[in-house]
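Keep in mind that this is a model prediction, so the values were computed, not measured. Residue numbers count from 1 along this sequence.
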Amino acid sequence: MAGDAVKEERMQFGGMARWDGLDLFGPNYMSVAYRKGGEIHVQVEPSNIPKIENPLALKISRLPIVRSVFLWGRLLIQVVGSIWTLVFFAATMAVLWLFVRLMEFGSGGGGALGGLFSFFAAFPILPILLLFFAGMKLSPIGRYHGAEHKAVAAYEKYGEVTMQGARSSSRIHPRCGTNILVYIVLAALLDPLIAWWGYAFLQFILISEAWFVLGQTRPSIAIGNLFQRYLTTTEPRRAELEVAVESMNRLLEAEQGRAGDEKKVQVPARY
């Protein structure tokens, strides 16, 4: 293991967990990995996120509000780039819409139950979050999320990604998208109190700008770490960690110009 002796500049990687695997994103390439039967399938291809090369355009992209547009634009490209992530996102939006409609229908009954339905119809983010957190903790998504963090952290710490290094790395990562969740919750709680249709769009700018300004403060990081530890990640098993390690290594090969044509990797009994 390269350990602390590795001094070269580390590349920055991110990712998204799915039910059966994960997507990883590097500076120039992206990988899609999943386990099926006894094999890990990894596909590496050039990143579908456009890069800004012009110095002036790069400077403009970092201006307030403009940077928020770029942030949500990159996220949209990532979601659309994975068909299963897109299906999951669309299904979540459909369930949210149906839930609100059901709560609004139930609120007409009056009484304590009708009041509860009215409350949930006004603040649907609360029960949706409970379902989201339960799904993350009780499904493979949470384990793949933890495996993604461990593989990225192993590279950042050691300069290479092995099962040993990934297993010993933390599943709590400072760049996790979970850390912006507190700002999403606050914006959603304000939604019923602001009687203006434009707030549905404006809140995305408020969320991301709050993140850019406060995201690196100690309270924000502490809350994000708490969410990651107890709500959005689970300690991965060997099966999920193998997928993350293999995907990360294939992506590193592509970024370092050593990628081959093989897209399926047979996983031995012990990695």
Side-chain angles (χ1 to χ4, degrees), residues 12-26 29-45 47-48 75 77-92 129-157 161-181 224-252 254 263-271:
Q12 190 171 102
F13 292 91
M16 293 191 301
R18 294 182 282 103
W19 181 273
D20 61 344
L22 50 88
D23 301 340
L24 290 174
F25 304 93
Y29 291 86
M30 61 176 289
S31 66
V32 178
Y34 61 94
R35 179 185 289 275
K36 184 176 182 180
E39 290 186 326
I40 292 175
H41 299 251
V42 182
Q43 181 171 339
V44 178
E45 56 190 28
S47 174
N48 58 3
L75 179 61
I77 292 173
Q78 289 179 359
V79 169
V80 174
S82 172
I83 183 63
W84 291 114
T85 304
L86 182 60
V87 169
F88 177 78
F89 177 78
T92 301
L129 278 176
L130 290 177
L131 293 175
F132 170 75
F133 291 144
M136 293 292 287
K137 294 298 290 186
L138 301 177
S139 76
I141 300 176
R143 296 195 295 272
Y144 274 115
H145 193 188
E148 170 217 323
H149 285 185
K150 282 175 166 286
V152 171
Y155 165 73
E156 293 173 342
K157 183 176 182 180
V161 186
T162 65
M163 282 293 287
Q164 179 183 353
R167 189 182 291 110
S168 64
S169 297
S170 174
R171 61 182 168 89
I172 311 303
H173 199 281
R175 292 199 316 275
C176 177
T178 297
N179 295 0
I180 201 175
L181 191 58
N225 289 350
L226 190 69
F227 277 22
Q228 289 183 58
R229 184 176 301 279
Y230 296 107
L231 299 173
T232 64
T233 70
T234 303
E235 195 65 28
R237 300 176 301 191
R238 169 172 286 272
E240 292 86 21
L241 203 57
E242 283 177 340
V243 175
V245 168
E246 187 61 46
S247 182
M248 190 68 191
N249 278 318
R250 294 293 301 283
L251 188 55
L252 279 170
K263 293 186 178 180
K264 294 183 180 179
V265 181
Q266 184 70 35
V267 179
R270 302 289 292 178
Y271 194 92

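- In plain terms, the two heavy atoms of Phe227 and Leu181 that are nearest each other are CD2-CD2, 3.7 Å.
- Here the closest non-hydrogen pair linking Asn179 and Pro174 is ND2-O, 3.0 Å.
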Side chain to side chain donor-acceptor pair (under 3.5 Å) between Gln228 and His145, intermediate numbers included:
CA-CA 9 Å; Gln228 289 183 58; His145 193 188; 5.7 Å; no
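- With rounding to the nearest 0.5 angstrom, the NE2 atom of His173 is 10.5 Å from the CG atom of Asn225.
- No donor-acceptor pair closer than 3.5 Å links the side chain of Arg18 to the backbone N or O of Tyr144.
- To the nearest 0.5 Å, atom OG of residue Ser247 and atom NE2 of residue His41 are 13.0 Å apart.
- When ring centroids are compared, Tyr155 and Phe13 come within the 6.0 Å threshold.
- The backbone N or O of Gly165 lies less than 3.5 Å from a partner atom in the side chain of Ser168, making a donor-acceptor pair.
- Looking only at side-chain heavy atoms (C-beta outward), Val152 and Arg175 come within less than 4.5 Å of each other.
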Using the side chain to side chain contact (heavy atoms under 4.5 Å, CB included) rule, take His149 and Cys176 through it: C-alpha gap first, then chi angles, then the decisive distance, then the call.
CA-CA 8 Å; His149 285 185; Cys176 177; 3.4 Å; yes
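- Side-chain contact between Arg250 and Met248 is absent, with no heavy-atom pair separated by less than 4.5 Å.
- Counting only distance, with no hydrogens or angles, the side chain of Arg35 and the backbone of Val243 share no donor-acceptor pair below 3.5 Å.
- In this structure, Asn249 contributes its side chain and Val161 its backbone to a donor-acceptor pair below 3.5 Å.
- For the side-chain contact (heavy atoms from CB on, under 4.5 Å) test with Leu241, the passing option among Glu235, Arg143, Lys150, Glu148 is Lys150; the others fail.
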